[in-house]
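The model shown is predicted, which means the values in this text are computed figures rather than measured ones. As the structure lists them, so they are numbered: ligands from 1, and atoms in each ligand from 1.
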Amino acid sequence: MLGVFDSGLGGLTALCELRRLRPDLDILYFGDTARVPYGTRSRETIIRYAREALGFLVSRGTDAILVACGTVSSVALPHLAPAFPVPLIGVVEPAALLAYHTSKNRTIGIIATEATVESRAFETALHRLGRVTTRSLACPLFVSLAENGFTSPGDPVAREAVRHYLPPLGKSGIDTLILGCTHFPLLAPQISAALPGVRLIGAGEAAAAAMVATNPQVGHGNLEVFVSDAPARFEKEAERLLGAPLPTKVQKYAL
Ligand code: DGL
């Protein structure tokens with residue numbers, strides 16, 4: 001069974017891609033809704049939260065975990081992955097690789113949480129692949145917009161937030177933008193409208209594709225979803241974001 005982990009709803013972007021590519025996989029999703037957002041916390045706190053949440057997924061029998069959270073992938077994985085009992089697949093390398101091969105002018109932007117941007121994890125991964133110019137920008141409000149349902153294409157709050165954050169990227173010459181936080185694809189229409197012609201790379205989707213390519217597991221398409229708080233709210237928000245109800249009842253596991 002595969003684990004999928006995020007601080008909240010954002011990992012659903014990776015979960016959807018996983019289920020689209022491999023509907024037969026058995027998946028256990030955990031969203032740490034009691035403690036979202038992670039992206040404004042200190043490194044120590046992110047590592048502690050991640051250790052506890054990933055520990056829960058291991059205790060339920062997962063054999064590998066897709067860390068569908070840019071913040072945990074950037075800040076905690078380098079620390080946790082080497083000694084972890086099951087493989088942890090983060091979003092940084094798969095997204096960097098896809099962006100590198102997508103970009104024609106090798107000028108690549110990254111938007112993510114504050115903690116991710118400070119870690120420079122995406123830049124490091126991109127520069128390891130070859131000569132690139134990078135521009136990164138923290139957009140922490142996008143997480144709250146996604147968690148609170150301000151995502152519909154015409155939403156004036158989302159439009160204002162995009163207008164607040166993205167102008168520096170518009171002038172930067174990027175032709176490809178990594179959505180380095182898995183919540184951000186939920187605002188993709190607004191981001192695209194602000195940056196016409198720029199290709200968007202969803203970090204969670206890129207990691208899901210990489211995981212499918214390297215994971216030989218087969219299953220029966222079972223899905224279980226746990227959150228650390230307010231399961232009914234998660235169910236409601238997930239249905240709004242996915243346009244259909246989750247095919248399973250969301251359960252609570254308090255860390
Ligand atoms: N979805 C997350 C990420 O990819 C977490 C955002 C947050 O909790 O601040 O970074």
Side-chain angles (χ1 to χ4, degrees), residues 3-18 29-54 57 65-80 88-96 98-99 109-123 125 136-151 161 165 177-188 191 200-208 210-211 225 227-230 233-234 237-238 241-242 255:
V4 177
F5 163 59
D6 182 41
S7 58
L9 284 165
L12 293 177
T13 56
L15 177 74
C16 285
E17 184 65 358
L18 267 182
Y29 184 94
F30 183 68
D32 193 2
T33 51
R35 308 194 286 199
V36 65
Y38 279 20
T40 49
R41 319 266 178 210
S42 67
R43 179 175 177 273
E44 294 69 36
T45 300
I46 294 167
I47 291 174
R48 178 161 59 83
Y49 286 0
R51 187 183 281 119
E52 291 168 7
L54 295 168
L57 289 172
I65 300 172
L66 175 61
V67 179
C69 174
T71 306
V72 171
S73 300
S74 302
V75 176
L77 276 205
H79 184 80
L80 296 177
L88 300 175
I89 292 92
V91 300
V92 174
E93 276 76 19
L98 184 57
I110 302 121
I111 56 172
T113 65
E114 283 170 52
T116 299
V117 168
E118 269 165 37
S119 77
R120 300 187 59 79
F122 282 97
E123 280 96 326
S136 60
L137 201 63
C139 305
L141 260 184
F142 288 0
V143 178
S144 311
L145 293 174
E147 285 289 326
N148 291 288
F150 293 90
T151 51
Y165 284 122
L177 177 66
I178 297 177
L179 308 180
C181 169
T182 54
H183 282 73
F184 292 5
L186 303 170
L187 294 165
I191 296 169
L200 304 185
I201 305 288
E205 292 91 328
M211 178 141 201
V225 179
V227 294
S228 51
D229 199 15
R233 181 178 193 277
F234 188 90
E237 289 300 320
L241 294 177
L242 305 174
L255 290 170

* Can you sort out which atoms of ligand 1 are near T113, meaning under 4.0 Å from one of its heavy atoms? => 6 (C), 9 (O), 10 (O)
* Against heavy atoms of D6, which atoms of ligand 1 measure under 4.0 Å? -> 1 (N), 2 (C), 5 (C)
* To do: Could you grab the distance from atom OG1 of T13 to atom CD of E205, nearest 0.5 Å is fine?
  => 4.5 Å
* Asked: Does ligand 1 have any atom sitting under 4.0 Å from a heavy atom of G8?
  -> no
* **Sub-4.0 Å atoms of ligand 1 with respect to non-hydrogen atoms of V36** => 8 (O)
* Hey, does T116 come in under 3.5 Å of ligand 1, counting only N/O atoms on both sides? -> no
* Please report which non-hydrogen protein atom sits nearest to atom 9 (O) of ligand 1, along with the residue it belongs to and the distance in Å to one decimal place. => G39 N, 2.7 Å
* To do: Using distance alone, determine whether G70 and ligand 1 share an N or O pair under 3.5 Å.
  => yes
* **Test item: E17 side-chain N/O and A206 main-chain N/O as donor-acceptor pair under 3.5 Å** => no
* Please report which non-hydrogen protein atom sits nearest to atom 10 (O) of ligand 1, along with the residue it belongs to and the distance in Å to one decimal place. => T71 OG1, 2.6 Å
* **Donor-acceptor contact present, side-chain Y165 to main-chain I111, <3.5 Å** => no
* Asked: Are any side-chain N or O atoms of R41 and backbone N or O atoms of R35, one a donor and one an acceptor, separated by less than 3.5 Å?
  -> yes
* To do: Check side chain to side chain donor-acceptor pair (under 3.5 Å) between R48 and all other residues, then give those that pass, not counting sequence neighbours.
  => none
* To do: Considering heavy atoms of the protein only, find what lies nearest to atom 7 (C) of ligand 1 and give residue, atom and distance to 0.1 Å.
  => Y38 N, 3.3 Å
* Does any N or O in the side chain of Y49 come within less than 3.5 Å of the main-chain N or O of V72, such that one atom is a donor and the other an acceptor? -> no
* For ligand 1, which atoms have a heavy atom of C181 less than 4.0 angstrom away? -> 1 (N), 2 (C), 3 (C), 4 (O), 6 (C), 10 (O)
* S7 and ligand 1 - part of the residue with a heavy-atom distance under 4.0 Å -> side chain
* Verify, without hydrogens or angle tests, whether S74 (side chain) and A121 (backbone) share a donor-acceptor contact under 3.5 angstrom. => no
* Structure fact -> Exactly one of D32, T116, T113 clears side-chain hydrogen bond (donor to acceptor under 3.5 Å, both in side chains) with Y38, and that residue is D32
* **A68 N/O under 3.5 Å from ligand 1 N/O** => no
